[in-house]
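Heads up: the structure comes next, in structure tokens.
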Protein chains: 2
Amino acid sequence: MTSPAVTPTCGEGELRDLLRALMTTIGDKWTLAVVATMTVGEQRFTAILHSVDGISHRMLTKTLRGLEDDGLVSRTFHAEVPPRVEYALTPLGLTLLEPLAGLSRWVEHHGPAVLEHRATRQHQEIS
Amino acid sequence: MTSPAVTPTCGEGELRDLLRALMTTIGDKWTLAVVATMTVGEQRFTAILHSVDGISHRMLTKTLRGLEDDGLVSRTFHAEVPPRVEYALTPLGLTLLEPLAGLSRWVEHHGPAVLEHRATRQHQEIS
DNA sequence: CAGAATCCGCGTGGATACTG
DNA sequence: CAGTATCCACGCGGATTCTG
């Protein structure tokens, strides 16, 4: 058959463009890991820094800025000494977890198959 | 509350790592658009090239290579003159459309809200 | 403790030209 | 028509340093 019955929601270029814009955001190197870490609740900067493991100081700041700009994460600054900043998923951010879980399930089921395909690539890599 | 009830599937670092690896793939600049285009059925190289609009010759090749390596897209080469190559989503590739549609729905509902947040960013950009 | 600023290497992606 | 190869610019991301 030349026309599969599967027709996902994306039909117009507008939506596809917006979709890709957000995918680029959450698909970047650290955003996903940070969001995953924050599902456990409000976290301090250094707590996230240590949880994510591998993320640099600077990248965590940038990632959180991005999430904050998107309205997915709230930032609460406590002007104490020493200063304390708490981050948490906003209601909007929480809604993202559902489709994200769907993707996660797909990875659980088909991820290994993808990796096998990558390993046994047909067009062998040049010597 | 400090511990939301939402606990997505991702709990272990293993899965989160794999998830991010695949997110990076499908979240890259063109993969999503190409997959979306290919939901309509088997396509020739140039057909996709014109459908995606904005993608360069070279990037389409690389993107298709990636999808092929992942086993999401099949490549059929017809040794004729002129040569003809047809690409189609594999069964595995088709399974990806479901979670992708979930994400697409999220973007439909909450995407505009995200864009508004981006526009009215709290920490004003320095003059 | 949180984060802004600087420097820099590297990968990505665009334009172009060449092959089969 | 489909794909590869080369060149090059830009932005991401790491390491480091400095401030409140």
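Note that these values count all heavy atoms, side chains included, but never hydrogens, waters or copies made by symmetry. Just so we're on the same page: letters track the sequence lines, and every chain starts at 1. Bear in mind the structure is a predicted one, so any value in this text is a computation, not a measurement.
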Nearest-Å distance, [atom1] ([X]) to [atom2] ([N])?
X: B:R20; N: D:dC12; atom1: CZ; atom2: C1'; value: 13 Å
X: B:K62; N: C:dG11; atom1: NZ; atom2: P; value: 11 Å
X: A:L49; N: D:dA15; atom1: CG; atom2: P; value: 12 Å
X: B:R84; N: D:dG3; atom1: CZ; atom2: C1'; value: 17 Å
X: B:F77; N: D:dG3; atom1: CZ; atom2: C1'; value: 9 Å
X: A:F45; N: D:dG20; atom1: CZ; atom2: P; value: 18 Å
X: A:H78; N: D:dG20; atom1: NE2; atom2: C1'; value: 17 Å
X: B:I48; N: D:dA2; atom1: CD1; atom2: C1'; value: 12 Å

>> For the backbone of B:L100 and the side chain of B:S104, can you confirm whether one donor and one acceptor N or O come within less than 3.5 Å of each other?
In response: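 Answer holds: no.
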> Just how far is it from atom OG of B:S74 to atom CD of B:E42, taken to the nearest 0.5 Å?
Replying inline: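 Taking OG in B:S74 and CD in B:E42, the distance rounds to 6.5 Å.
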>> Strictly under 4.0 angstrom, non-hydrogen atoms only: write out the protein contact profile of nucleotides 14-20 of chain C, one letter per nucleotide from the 5' end, B, S or -.
In response: BB----B
Kindly say if [X] contacts the phosphate of [N], meaning a side-chain N or O under 4.0 Å from OP1 or OP2.
X: B:T46; N: D:dA2; answer: yes
X: B:R44; N: D:dC1; answer: no
X: A:R65; N: C:dA4; answer: yes
X: B:Y87; N: D:dG3; answer: yes

> What is the bend of the helix from C:dC1-D:dG20 to C:dG20-D:dC1 when you compare the axis at one end with the axis at the other, using five pairs each and rounding to 10°?
Replying inline: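 Answer rounded to 10°: the end axes differ by 40°.
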> According to the side-chain hydrogen bond (donor to acceptor under 3.5 Å, both in side chains) rule, which pairs have a member within residues 18-37 of chain A, sequence neighbours left out?
Replying inline: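 Non-adjacent pairs meeting side-chain hydrogen bond (donor to acceptor under 3.5 Å, both in side chains): A:T25-B:R118, A:D28-A:T31.
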